[in-house]
Amino acid sequence: MLRIENLTKIYTGGVQALMNVSFDVPKGQFLAVIGLSGSGKSTLLRCINRLIEPTSGTIVWNDIDVTAASDEELRRIRRKIGMVFQHFNLVHRSSVLTNILAGRLGYVNPAWSLLNRFPKTDMENAYKQLERVGIADKADHRADELSGGQQQRVGIARAMMQNPDMILADEPVASLDPVLAHSIMQYLEKINKEDGVTVLCSLHFLDLVHRYADRVVALKEGILMFDGLPKDIDDAKFKDIYGRDAERVG
Amino acid sequence: MKNKKPNPMRSFGTGLLVLLALIIYAYGFQVTKVNLAETKSERRQEQLFRILRALARPNIFAYEKEVFEVRVPVMIPCPAEGFTPPAVQNPDQPYMIVTPSCSDPRSKVLVQGFNFEPQTRGPLNLVPHESGVNLQLASIEVDRFGQFEATVLLPNRPSEESHEIVAITRRNIGSPHLTKTAYDTWDKIVETVFLALLATTLGVIIAIPLSFFAARNLMKEITSTLTGMSLSILLIPIGLYIGAQFASLAEWVSRTMVGNWLIVAVGILGFPFLLTIGMRWALPQQETQTPSAGLKTIRLSTLFGLAFIFVLLLYLISYLALTAGSALGDALGNLGFLGFFVRDLGDILNMLIKVVVALAGAGVLSSMAGKWSESLSRQKGPLVRLSHTVLAVLGGATLAALLLAVIYWLYQFRDAQLYFIYAIVIGGALGLLASVLTKPASPLLSGLVVYYVARTIFNALRSVEALVMAIVFVVWVGIGPFAGSLALALHTIASLAKLYSEQVESIMTGPLEAIRATGANRLQTIIYAVVPQIVPPYISYTMYRWDINVRMSTIIGFVGGGGIGFLLQQNINLLNYRDASAQMIAIAIVVSIMDYISSVMREKVV
């Protein structure tokens with residue numbers, strides 16, 4: 001359960017990325033965040049695990065105030081929130097296995113992880129996650145040897161290693177072709193439906209929103225423009241969100 | 001097409017610029033004392049050619065020489081009865097004929113030589129009767145048929161007895177062999193290469209950790225409250241002291257142990273075992289629950305004890321290396337340097353333990369200060385406000401006093417006490433001002449302060465030529481390659497730390513963000529997201545620096561820093577251009593080989 005209240009982010013230089021955004025996400029929901037590029041989607045997702053420090057407002061997650069958390073508390077919050085990125089953000093020169101094990105860094109003792117030592121259970125879990133996303137044979141490959149779709153699957157496996165209660169997906173399919181996009185979205189859907197993990201996913205294409213999301217919030221220039229079911233986005237709402245001149249595609 | 005109109009103002013401007021450039025170059029000619037007349041003077045050209053020819057014949061190979069003398073009698077003046085020289089005994093051996101075979105003083109005679117060693121040269125002397133004196137008449141050059149001819153002026157040495165004309169030539173025997181210069185050059189070039197190796201290794205080891213402090217993208221994220229900064233300033237000196245005391249205690253314990261070999265053996269074998277078990281218990285691999293305060297305390301004290309055992313173990317190892325190394329060095333004979341290397345490693349370890357433990361003590365205390373101040377800043381109330389102010393005043397005063405202590409050490413001024421009081425008052429006042437201007441909880445960019453300090457030090461150090469540093473080190477450790485390698489190492493640290501840190505600044509931020517999002521702490525983020533990205537550029541910069549160090553080490557000897565530069569400078573000063581040439585060739589060969597090796601390795605690794 002996530003509650004966002006009056007979240008505002010103003011970057012140094014005066015750019016208002018988020019203005020008084022408030023909404024709740026119940027546990028187990030698949031929430032899509034839509035809006036034009038630069039509308040504040042990425043900022044919103046990053047404020048939730050405080051990769052970006054909010055200017056004001058509160059974020060409460062599982063009854064913990066994220067915005068007021070100390071470093072140690074933040075570590076415990078972040079390790080239960082997986083994150084998937086548009087550009088996958090894998091460490092290119094490390095092996096796929098190391099990239100996936102990195103998902104455990106919030107759990108393992110820092111002293112041991114510095115020596116690249118992970119508990120046996122984590123190693124087993126890593127192989128299980130690899131199998132789940134269908135690239136078990138790539139464990140020893142360098143991450144940059146993989147194709148885009150495979151890299152994003154590693155990204156999902158890394159997030160799943162965290163045993164998350166919630167996944168923040170920042171345009172996870174924007175740099176993939178449509179076929180791969182659907183396969184990645186299906187993985188997220190599976191995680192959402194089978195494991196009951198809450199998913200917040202920013203998306204560009206409305207057909208993906210209609211196909212996968214339980215609910216949609218739309219941002220325009222940092223302001224929450226829409227909060228409702230995907231089927232409620234009609235032409236008028238669409239023009240509100242994407243501007244007068246926008247054409248519907250897909 | 002653009003319509004180009006002639007613009008008088010513009011043309012005038014261009015003309016002015018050209019004129020200005022001319023003036024600048026004219027002044028440049030004057031300042032650098034360009035002197036074309038000198039370059040054309042015959043004397044200078046002759047000297048130039050002489051040196052170039054000497055340089056073209058490096059003194060590397062030489063023949064064993066045999067001195068070969070051929071004699072023929074001559075009478076000055078002709079005796080009344082006339083003079084017939086003895087007939088040539090063996091026309092296959094070298095011989096000379098003088099025509100005429102007797103003559104008046106100061107008259108000319110023709111000396112012809114036959115069957116000499118072709119292409120040799122030497123003096124043609126007159127040896128007056130039984131005098132043993134050599135009066136040089138001419139220099140002879142034997143042609144390729146083994147003959148020479150010289151018309152010489154006889155000296156004014158009238159005598160009843162016959163003199164001798166002696167041709168002295170030198171003949172090569174056997175095959176060419178390496179000269180002493182070649183051997184010396186080889187010795188020194190080996191020294192040079194290893195000097196560069198040690199300097200690069202030492203420089204890299206120190207530059208790698210320092211480079212992170214000079215990376216803006218890592219440091220700007222580190223913030224702390226004013227309270228935290230003040231606490232750190234107060235606690236770092238205390239931490240250094242405690243760490244040093246901790247190490248001293250361990251050293252003392254190790255001293256009492258080393259009397260008995262059995263105890264040392266048990267320690268060296270048993271402590272690692274104890275450490276592994278203790279670490280396993282005190283640092284569980286992962287925990288889902290927050291441990292209780294009691295458990296935390298027990299763990300912390302266990303870790304403290306383990307740290308003590310670890311330092312003790314290090315002292316024992318250094319002691320073992322020292323004694324075993326010396327014994328091995330004496331016993332191994334020719335390979336003794338291996339034993340002495342072990343001994344020196346033990347010595348280095350012994351010296352480093354105290355420094356590292358002191359730094360670790362400072363690190364532990366300042367990180368505790370950070371944690372404590374973070375939890376403090378979360379609370380509100382007059383007590384927080386008060387501690388914020390008091391700590392800021394104390395921190396400012398301490399910092400000012402420490403800075404003044406450095407200045408005092410350098411300048412040794414009088415009335416030090418008074419100045420210290422001034423410094424403490426001013427520092428405290430500045431701390432008070434800072435505490436008024438900031439809120440207890442507001443984060444300050446303490447990381448950026450470290451960044452700017454580190455950058456400034458690196459830039460300042462880098463701008464000092466390694467040759468100048470070598471002069472200082474020569475004073476400290478004496479003339480020789482050790483001084484040179486220390487100077488090069490210092491220069492390497494400064495320049496590599498800067499180059500490395502720029503690589504850290506240019507890494508991709510995506511992986512960094514992803515690793516942070518998993519809940520990794522700062523150190524884990526560096527190991528998992530930063531280090532994999534910077535390995536290739538670090539290796540390539542290290543190679544590049546190794547290249548530079550080899551080149552630098554060839555001239556560091558100019559100021560007494562060891563290596564081949566010492567020989568080179570000596571030979572240039574003594575005008576032994578042929579020897580200098582041998583050394584220059586050696587440098588060229590080594591530098592180009594290093595260049596080749598490093599480019600091959602860079603391709604392989606990166």
Side-chain angles (χ1 to χ4, degrees), chain A residues 45-46 49-53 68-95 98-99 101-122 142-143 155 158-159 161-164 168 170, chain B residues 220-224 228 279-291 299 303 306 367 370-379 441 443 507-539 605-606:
Chain A
L45 292 180
R46 280 169 175 72
N49 61 1
R50 268 179 61 193
L51 282 180
I52 291 175
E53 210 62 53
S70 70
D71 282 356
E72 192 51 41
E73 286 166 336
L74 191 60
R75 178 177 154 88
R76 286 168 191 282
I77 293 167
R78 277 181 181 168
R79 72 185 189 187
K80 294 299 278 182
I81 303 177
M83 197 155 186
V84 180
F85 301 86
Q86 176 182 357
H87 298 295
F88 327 130
N89 288 1
L90 302 184
V91 182
H92 283 180
R93 286 177 52 83
S94 295
S95 70
T98 308
N99 267 291
L101 281 171
R104 295 304 291 178
L105 286 176
Y107 290 91
V108 297
N109 194 306
W112 292 110
S113 68
L114 296 187
L115 304 172
N116 209 357
R117 293 285 296 269
F118 286 89
K120 216 179 226 148
T121 49
D122 284 354
R142 257 173 60 160
R158 175 172 64 192
M161 278 300 283
Q162 292 176 235
N163 190 20
L168 305 172
D170 182 20
Chain B
K220 75 166 182 233
E221 313 219 322
I222 298 175
T223 57
S224 59
M279 288 280 280
R280 285 256 157 98
W281 180 78
L283 293 172
Q285 284 206 315
Q286 46 185 289
E287 281 180 304
T288 36
Q289 248 73 54
T290 320
R299 275 189 188 156
L303 281 178
L306 288 177
S367 86
K371 276 201 180 136
W372 193 58
S373 68
E374 197 200 313
S375 66
L376 194 73
S377 71
R378 230 159 268 290
Q379 291 147 18
I507 59 169
M508 294 192 298
T509 52
L512 209 65
E513 187 179 39
I515 298 292
R516 274 173 60 209
T518 64
N521 69 15
R522 198 164 280 136
L523 210 54
Q524 287 174 317
T525 312
I526 288 179
I527 298 286
Y528 280 85
V530 179
V531 168
Q533 294 195 56
I534 56 176
V535 166
Y538 270 42
I539 289 174
V605 178
V606 182

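So that the names make sense, note that chain A is the first sequence line, chain B the second, and so on, each numbered from 1.
Judged purely by distance below 3.5 Å, without hydrogens or angles, the side chains of A:Asn99 and B:Tyr528 never pair a donor atom with an acceptor atom.
For chain B, the nearby parts of A:Ala102 are the backbone and the side chain; heavy atoms of each come within less than 4.5 Å. Heavy atoms closer than 4.5 Å to chain B are found nowhere in A:Ala159, neither backbone nor side chain. For A:Leu90, the part lying under 4.5 angstrom from a heavy atom of chain B is the backbone only.
Per-residue heavy-atom pair counts under 4.5 Å with chain B were compared for A:Asn89, A:Ile77, A:Val84, A:Ile81, and the maximum is reached by A:Asn89. Ranked by heavy-atom pairs shorter than 4.5 Å toward chain A, the options B:Leu523, B:Thr509, B:Ile526 are led by B:Leu523.
Between B:Thr518 and A:Arg79 the shortest side-chain heavy-atom distance does not fall below 4.5 Å.
Between the side chain of A:Arg93 and the main chain of B:Pro532, a donor-acceptor pair closer than 3.5 Å is present. No donor-acceptor pair closer than 3.5 Å links the side chain of A:Arg78 to the backbone N or O of B:Ala517.
Of all the heavy atoms in B:Gln524 and A:Pro110, the pair that sits closest is NE2-CA, 3.5 Å.
Pairs passing the salt bridge (charged side-chain N to carboxylate O under 4.0 Å, His left out) check and including a residue from residues 509-519 of chain B, sequence neighbours excluded, read A:Arg46-B:Glu513, B:Glu221-B:Arg516.
The distance from the CG atom of B:Asn521 to the CD atom of A:Glu72 is 8.5 Å, given to the nearest 0.5 Å. Between A:Leu105 atom CG and B:Thr525 atom OG1 the span is 7.5 Å, to the nearest 0.5 Å. Rounding to the nearest 0.5 Å gives a distance of 11.0 Å between CE of B:Met508 and NE2 of A:His87.
Remark: A:Glu73 pairs with no residue by the salt bridge (charged side-chain N to carboxylate O under 4.0 Å, His left out) rule, at least two apart or across chains.
Annotation: B:Trp281, atom CH2; neighbour count of heavy atoms from other residues, nucleotides and ligands within 6.0 Å is above 12.
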